[in-house]
Number of protein chains: 2
Amino acid sequence: MYGRVMARTAHASSAVPETAGSFPVTVDVVALTVRAGALHVLVVDRLLEPFRGQSALPGGFVLPGETLEQAAGRELEEETGLTVPARATGAGPWHLEQLRTYGPLGRDPRGPVLSVAYLLLAPAFGLPAAGGDAAEARWVPVGEEDERLAFDHGQILADGVERARAKIEYSPLAAAFCPPEFTVAELRGVYEAVWGTQVDARNFHRKATGTPGFLEPTGRLGGGGPGRPAELYRLAPGVDPTAAVLHPPLLRPVSPGRAAPSA
Amino acid sequence: MYGRVMARTAHASSAVPETAGSFPVTVDVVALTVRAGALHVLVVDRLLEPFRGQSALPGGFVLPGETLEQAAGRELEEETGLTVPARATGAGPWHLEQLRTYGPLGRDPRGPVLSVAYLLLAPAFGLPAAGGDAAEARWVPVGEEDERLAFDHGQILADGVERARAKIEYSPLAAAFCPPEFTVAELRGVYEAVWGTQVDARNFHRKATGTPGFLEPTGRLGGGGPGRPAELYRLAPGVDPTAAVLHPPLLRPVSPGRAAPSA
DNA sequence: GGCGGATATCGTCAAACTGACGACAACCCA
DNA sequence: TGGGTTGTCGTCAGTTTGACGATATCCGCC
């Protein structure tokens, strides 16, 4: 059962024990973006059993010789046409990070399957093209999923959204939703969309521009819409996308009736 | 190769595809406690290859039919004699949560192996008994590991410590290191040990006792040592151990030279 | 019993930060 | 040119922090 593993091993004394289980492993991707002021998640329609025809997060089985990140990128590209830039784990637009692992029991009718979930934060872009095991790929506003997602993907999505909501409180990660250069108002729009709340423009501007090591002015102006043109900023160079640069953090407004967020 | 999986499946159309990889899965546990004012981690000496004789985090292979949490608890008990209470994922002393998943490539000389790491926060207690695949189990002060840990356990430990340091900033999780009833000074000692910094007793007392939904006085006094006896507290009933009850959070002092923490 | 040492708890105060909101600047369109 | 819209800067009261003084209540010891 462990032929491949043992073939790479010099001594039998150093092989994986025979009593150990071996599990199929999938990666599932919670891909989030901000479109028209609302947080959207990327879902696909399943072409195959189980849960055929139902909506699901993009994902699939890890192939031998692949890393988990590679599998996440490959499945995303196969099923949705989305290509994750190689630098997506660095600073700037796009951010890919591991969320957590689910399973192996009670989540797949085919048997025990482990799923490693990834969280992708991406700028808005055109509708991706479906392919692979997926019939259609589309952005769905978070909270308006028309039906239950396949497997335990509803739980995975909830965990991913909560992770994103929590992380933009103290990290520069909100910029992962923005193009390389963006205005303070664009960044504020990300916070409002991800949190689902209103944020005061003046106080946000003070905090965002006044935090050392966060934003860097480009000197140029972003024009277009009505109103005074806004200054363009980019992320400060060399920022760790998950570093706690907002110190003290920018806390979400406490909705009186809502329970405290938990991780 | 997928006999077990397919045997549980009604239709071949709904089986795990044959191209999918199947991986041995281990769980590794970062067990932390506070002893004598310092953060300690539980390590074992390996009895078997690979890395025989070297220190490692307790852990081992997931068996068929087990959940990941069950495997973590079983390996911990087999190798160190430590029994994790069943309620360890609730509030109060002991806390077990998933950290993240490592692998499958380049971390085990036996071949591709996936490792799901868990973080355990526990009150101090007597030296556990070694057993199973481990020669000796012992508490080691974090930062004073005499040698490199086996596999990628050095990285896993660093990730676990950083998770603990970050989470006690906003959650009541520091109480997981304390007995069911504890004094404010004991709780402060946990913060000092985990963060490795000094915390002002008066300001900490104000914040800890003044935060709604965090501590609940028992009315009794904890005596013993020199000085005025302190009031005993317990966690407020029904608190989510990872809820953001400290709002705004209790931030670690910023060491001028140190880089900002990242997750 | 009294005293010094140690720890717990309560107060004080200036600095920083937040949240609410006024005011003005700089653009678009009609 | 004027009104609408959005960006940026200021003001101000209330909250929170960090630093630290002061007092309370225990211990051990003489």
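This one's a predicted model, so the numbers in the text were calculated from it and none came from an experiment. No hydrogens, no waters, no symmetry mates; every other heavy atom, side chains included, goes into these values. Chain naming here is simple, since letters A, B, ... match the order of the sequence lines and numbering starts at 1 in each.
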d(CD, A:Q198; C1', C:dC21) in whole Å: 15 Å
Of all pairs that satisfy ring-ring contact (aromatic ring centres under 6.0 Å, His included), the ones with a partner from residues 201-232 of chain A, not counting sequence neighbours: A:Y191-A:F204
Length of the line joining A:F182:CZ and D:dG7:C1', which is rounded to integer Å: 16 Å
Rounded interatomic separation in angstrom, taking CG from A:L250 and P from C:dT18: 8 Å
Rounded distance in Å - OH (A:Y191) to P (C:dT18): 12 Å
B:D152 side-chain N/O to B:Q155 backbone N/O, donor-acceptor pair under 3.5 Å: no
Indicate every side-chain donor-acceptor pair of residues 176-188 of chain B with a distance under 3.5 Å to a residue at least two apart or in another chain.
residue, atom, partner, partner atom, Å
B:E181, OE1, B:R220, NH2, 3.3
B:E181, OE2, B:R220, NH2, 2.9
B:E181, OE2, B:R234, NH1, 3.4
B:T183, OG1, B:A185, N, 3.4
B:T183, OG1, B:E186, N, 3.0
B:E186, OE2, B:T183, N, 3.2

Ionic contact status for B:R252 with B:E162, cut-off 4.0 Å: yes
Between C:dG19 (P) and A:K207 (NZ): distance, integer Å: 9 Å
Point-to-point distance, once rounded to the nearest 0.5 Å, from CG of A:L32 to CG of A:L121: 6.0 Å
Value in whole Å for how far the C1' atom of D:dG18 lies from CZ of B:R252: 18 Å
Gap between atoms CG and P, on B:L251 and D:dG18 respectively (whole Å): 7 Å
Rounded interatomic separation in angstrom, taking CG from A:L187 and P from D:dG7: 12 Å
A:R100 side chain vs A:V116 backbone, donor-acceptor pair below 3.5 Å: no
The helix from C:dG1-D:dC30 to C:dA30-D:dT1: angle between end helix axes, five pairs per end, rounded to 10 degrees: 0°
Backbone of B:E192 reached by a side-chain donor or acceptor of B:T197 within 3.5 Å: no
Partner residues of A:H153 under the ring pair (Phe, Tyr, Trp, His ring centres under 6.0 Å) criterion, sequence neighbours left out: A:F151
Protein proximity profile, nucleotides 5-12 of chain C - base contact B, sugar-phosphate-only contact S, no contact -, cut-off 4.0 Å on heavy atoms: BBBBBBBB
Non-neighbouring partners of A:L221 that pass side chain to side chain contact (heavy atoms under 4.5 Å, CB included), sequence neighbours left out: A:P229, A:E231
